[in-house]
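Taking it in order: structure first as structure tokens, then the write-up.
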Amino acid sequence: QAKSEGRNTFRFFCAEMNTAAQARMEIENDLRQALEQQQFHLVYQPQMDRQQGCFVSAEALLRWEHPQKGLIPPDRFIPVAEETGLILPLGEWVLAEACRQMRLWQQQGQRIERVAVNLSARQLVSDTLIGHVSRLLEYHHLTPDRLELEITESTAMREPTSSLRQLQSLRDLGIRLSIDDFGTGHSSLSYLKHLPVQALKLDKSFVRDIPDNRNSRAICAATITLAHTMGIQVVAEGVETTAQADFLGSLQCDLLQGYLYGRPLPADQWAATLTQV
Ligand code: C2E
Ligand code: MG
Ligand code: MG
Ligand code: MG
């Protein structure tokens with residue numbers, strides 16, 4: 001009895017693996033085509049400066065509109081793009097598109113100060129990154145403080161030594177750097193201390209449970225104190241309620257991002273949001 005059950009479980013497990021592998025291969029093939037056919041676009045989510053009370057920054061988030069399957073969320077295709085190396089051309093496109101948009105906002109006289117772009121692990125250690133970024137800034141006549149790059153702790157920890165060197169080069173260019181999803185990765189404080197970053201993004205899993213949850217409250221408070229003591233700003237992500245915003249305000253959190261202030265939107269729908277402030 002137990003034996004046959006075991007066999008069934010095993011077969012079921014294999015079938016699942018197959019489906020997963022198939023889905024992954026399908027995404028990989030579709031991704032190649034998507035790059036050629038430009039099925040990607042960026043949406044932008046505002047970041048509110050708590051003290052100034054206005055939007056100072058926007059995070060660019062990648063969207064894939066598949067012609068048959070509809071919108072595919074980044075959490076499903078970015079890992080595949082990363083494994084296959086397709087993240088390199090895709091990431092270059094994201095950087096170029098975000099810089100183009102930043103230049104456009106600037107020319108339109110929008111008060112937005114900078115655009116933030118997520119970097120993946122492969123991109124961070126690629127030898128073409130620094131050249132590509134500096135050429136883009138030059139081409140679009142952007143000063144480096146107009147661009148922020150977000151990396152997660154896990155991204156940096158994949159290859160800690162070369163990541164650190166690359167981050168230093170980006171910093172030397174004058175680009176703002178931030179650590180995304182702070183508190184969820186596997187980096188150590190002793191590694192963090194060497195990272196030349198200007199901001200930490202408090203992960204939304206902590207923000208979600210404040211102000212009710214005592215542990216989340218403590219983590220938010222301690223992170224903000226730690227960052228400020230190191231001269232680093234804190235961006236709270238996933239702020240959805242005024243209760244969360246008020247609590248983060250009482251901790252002097254610098255920037256707030258989340259559905260409370262605005263969902264990620266295509267740039268053309270953003271103009272109205274920006275001029276409202
Ligand atoms: P992330 O960089 O941590 O981005 C924040 C995610 O939280 C976004 O999900 C955003 O839409 C979502 N979010 C924003 N406000 C709220 C809120 O108030 N509540 C909740 N529950 N969620 C909120 P999204 O757009 O699905 O992106 C997921 C992840 O995919 C990003 O996490 C980032 O790691 C990755 N990603 C997105 N675009 C790019 C890209 O261009 N390049 C790379 N390498 N990764 C990207
Ligand atoms: Mg991010
Ligand atoms: Mg994040
Ligand atoms: Mg995230």
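The figures here come from the full heavy-atom set of this structure, side chains too, leaving out hydrogens, waters and symmetry mates. Each ligand, and each atom within it, is numbered from 1 in the order the structure gives.
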Report, in ascending order of atom number, the atoms of ligand 1 lying under 4.0 Å from any heavy atom of [X].
X    : result
V94  : 41 (O)
I78  : 36 (N), 39 (C), 40 (C), 42 (N), 43 (C), 45 (N), 46 (C)
P264 : 11 (O)
E237 : 3 (O)
Q45  : 14 (C), 15 (N)
L61  : 4 (O), 8 (C), 10 (C), 11 (O), 25 (O), 37 (C), 38 (N)
G258 : 15 (N), 18 (O)
E240 : 17 (C), 18 (O), 19 (N), 20 (C), 21 (N)

Hey, which N, O or S atom on [X] ends up closest to the Mg ion (ligand 2)?
X    : answer
E59  : OE2
D180 : OD2
E150 : OE1

If you measure from each non-hydrogen atom of [X] to ligand 1, which part falls under 4.0 Å: side chain, backbone, both or neither?
X    : value
K201 : neither
D180 : side chain
E82  : neither
N118 : both
Q257 : neither
L62  : both
E59  : side chain
V239 : backbone
R63  : side chain

**Asked** When the ring planes of Y44 and W105 are compared, do they come out parallel, tilted or perpendicular, using 30° and 60° as the limits?
**Response** perpendicular
**Message:** For the backbone of K204 and the side chain of E237, can you confirm whether one donor and one acceptor N or O come within less than 3.5 Å of each other?
**Reply:** yes
**Prompt:** Can any side-chain N or O of Q166 pair as donor or acceptor with the backbone N or O of L124 at less than 3.5 Å?
**Reply:** yes
**Item:** E138 atom CD, over 12 foreign heavy atoms within 6.0 Å
**Value:** no
**Message:** If you count every heavy atom of other residues, nucleotides or ligands that lies below 6.0 Å from M230 atom CE, does the total exceed 12?
**Reply:** yes
**Asked** So, E237 and the Mg ion (ligand 3): N/O/S under 2.8 Å, yes or no?
**Response** yes
**Request:** Using distance alone, determine whether Q123 and ligand 1 share an N or O pair under 3.5 Å.
**Result:** no
**Prompt:** Do Q257 and Q47 have a side chain donor and acceptor closer than 3.5 Å?
**Reply:** yes
**Message:** My understanding is that we take every heavy atom of each candidate and find the minimum distance to atom 27 (O) of ligand 1. Doing that for P74, P73, S178, which one comes out nearest?
**Reply:** P74
**Message:** Regarding atom 5 (C) of ligand 1: of the candidates E150, K204, E97, which has the closest heavy atom?
**Reply:**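 That would be K204.
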**Request:** Treat each ILVMFWY residue as a node, draw an edge where side-chain heavy atoms are under 4.5 Å apart, and state whether L137 and L177 are in one component.
**Result:**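 Yes: a chain of side-chain contacts under 4.5 Å links L137 to L177.
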**Message:** Could you see if L255 belongs to whatever hydrophobic cluster contains L149? Use Ile, Leu, Val, Met, Phe, Trp, Tyr and a side-chain cutoff under 4.5 Å.
**Reply:**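 L255 and L149: separate clusters.
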**Asked** Checking only N/O/S atoms, does D181 have one that is under 2.8 Å from the Mg ion (ligand 2)?
**Response** no
**Request:** May I ask you to check whether N118 brings an N, O or S atom to under 2.8 Å from the Mg ion (ligand 2)?
**Result:** yes
